[in-house]
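Atoms considered below: every heavy atom in the structure, side chains included; atoms not considered: hydrogens, waters and symmetry mates. Proteins come first, then strands; the chains are lettered A, B, ... in the order of their sequence lines, and each starts at number 1.
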Amino acid sequence: MKVRHITLLDHLVEGDESVVMFGAQVVHLSAIPTAILEASTEWVDLKDLAKMLEQRFGTPEAGVGAEAATGRIVGELTQLGLIEHV
Amino acid sequence: MRVASARTLAIRTFGGHVLVDVGGSHADRTAEAVRDAWAWCLDPDDFDHRQQSLSSRLEAVLDDDPSVVAAALERGAVAASDLDTVLHLLTQAITVAGIDLQAGRLLMLHAAAVADRESGCALAVVAPAGGGKTTFVRSLGEDRVYVTDETVALTGDHLIVPYPKPLSIHTPGLNLKRQIDPRRFHFLQPGGPYELGALWTLNRTAYPTPARLERIPTLEGVTTLASQTSYLAMLPRPLHRLAATIAAAGGMYRAVYHEANDLRELVAQAIDPNPSASQAGT
């Protein structure tokens with residue numbers, strides 16, 4: 001699966017976190033969603049995204065693979081309307 | 001050629017102009033009441049609004065005949081059969097018109113502001129409807145410049161364009177706010193624009209507590225301001241604009257207090273040129 005973020009009105013990053021504006025919505029994102037957004041300006045494979053996040057933030061909680069954990073967060077961002085996938 | 005007349009009033013909003021045509025069987029009384037309430041926002045009678053690109057027009061009708069009121073409402077006028085309602089609705093309509101005129105130009109916060117005439121610095125307090133903005137101005141604006149109790153309009157250089165509209169004060173038992181001429185209070189009339197010297201949100205507690213300021217992290221501040229900003233999406237890089245505004249004000253703070261007067265010393269420290277001297281005088 002490939003993912004990328006939708007067109008953003010603005011994305012303000014401070015440290016690891018950020019605030020993003022899209023449509024009429026303004027959302028405060030924690031570190032991992034912020035990193036996903038920064039890495040998905042163009043289409044990116046979910047596997048590659050998961051590898052990048054694991055390298056940056058370490059292994060997810062026990063029993064959850066990096067790809068599954070990434071997929072879960074990407075799913076939440078998709079529900080918000082921030083991410084699209086093919 | 002004069003555009004304004006006894007029944008056409010010219011109101012200056014934040015960088016824009018709204019012409020109000022007053023009609024109905026009580027037009028003269030209505031016009032006089034509007035002139036009084038909006039005294040600090042009136043354009044001169046000989047100001048020609050046809051030369052202004054940022055202007056719009058409203059109609060206000062006060063009439064005893066329900067069919068006249070209904071017809072006026074049908075054509076988009078502000079209309080009612082009692083003066084307080086007309087004035088209440090007209091204030092909302094003028095403010096909305098002023099905001100519409102500046103969409104994409106000014107950063108417009110749902111906020112009140114007072115300024116120190118000597119320092120030229122203003123304190124803007126952001127709060128939603130019913131959050132204490134007008135009470136803040138009434139309590140802490142004495143001998144200070146009354147900038148606005150509703151819309152803080154900021155230029156790209158973080159200067160506030162004054163909007164000294166009538167104070168909108170809730171009246172117990174009535175589902176409207178009375179519109180009070182700011183000259184009735186011990187305010188100073190604004191010249192302006194004013195530098196944004198401090199930026200707070202208002203957090204009133206239900207219980208007595210020592211008044212204090214709590215610093216708000218920038219991203220949280222941006223999110224808070226975004227929810228209290230008109231036409232934010234029409235500004236270039238809107239979130240960055242909000243962050244720059246917070247930085248220009250030296251940070252954003254949450255004012256925690258029980259009664260507005262408890263904030264007196266903190267307000268003086270924020271904008272007065274000699275805070276200790278002004279405190280000695282209180």
Should B:L232 and A:M21 be marked as a side chain to side chain contact (heavy atoms under 4.5 Å, CB included) after you check the CA-CA gap, both sets of side-chain angles, and the distance that decides it?
-> CA-CA 10 Å; B:L232 181 62; A:M21 186 167 185; 3.9 Å; yes
Roughly how far, to the nearest 0.5 Å, is CD of A:E17 from CG of B:L219?
->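 One gets 6.5 Å once the value is rounded to the nearest 0.5 Å.
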So what's closer than 4.5 Å to chain B heavy atoms on A:V27: side chain, backbone, both or neither?
->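 Neither part.
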Using ring pair (Phe, Tyr, Trp, His ring centres under 6.0 Å) as the criterion, list what pairs up with B:F136, not counting sequence neighbours.
->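 Checked B:F136 against ring pair (Phe, Tyr, Trp, His ring centres under 6.0 Å); zero matches.
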Non-hydrogen atoms of [X] and [Y] that approach each other most closely:
X	Y	value
B:R237	A:D10	C-OD2, 3.0 Å
B:E220	A:H28	N-CE1, 4.3 Å
A:G23	B:A233	O-CB, 4.4 Å

Decide if atom CZ of B:R138 counts as having more than 12 heavy atoms of other residues, nucleotides or ligands within a radius under 6.0 Å.
->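 Open.
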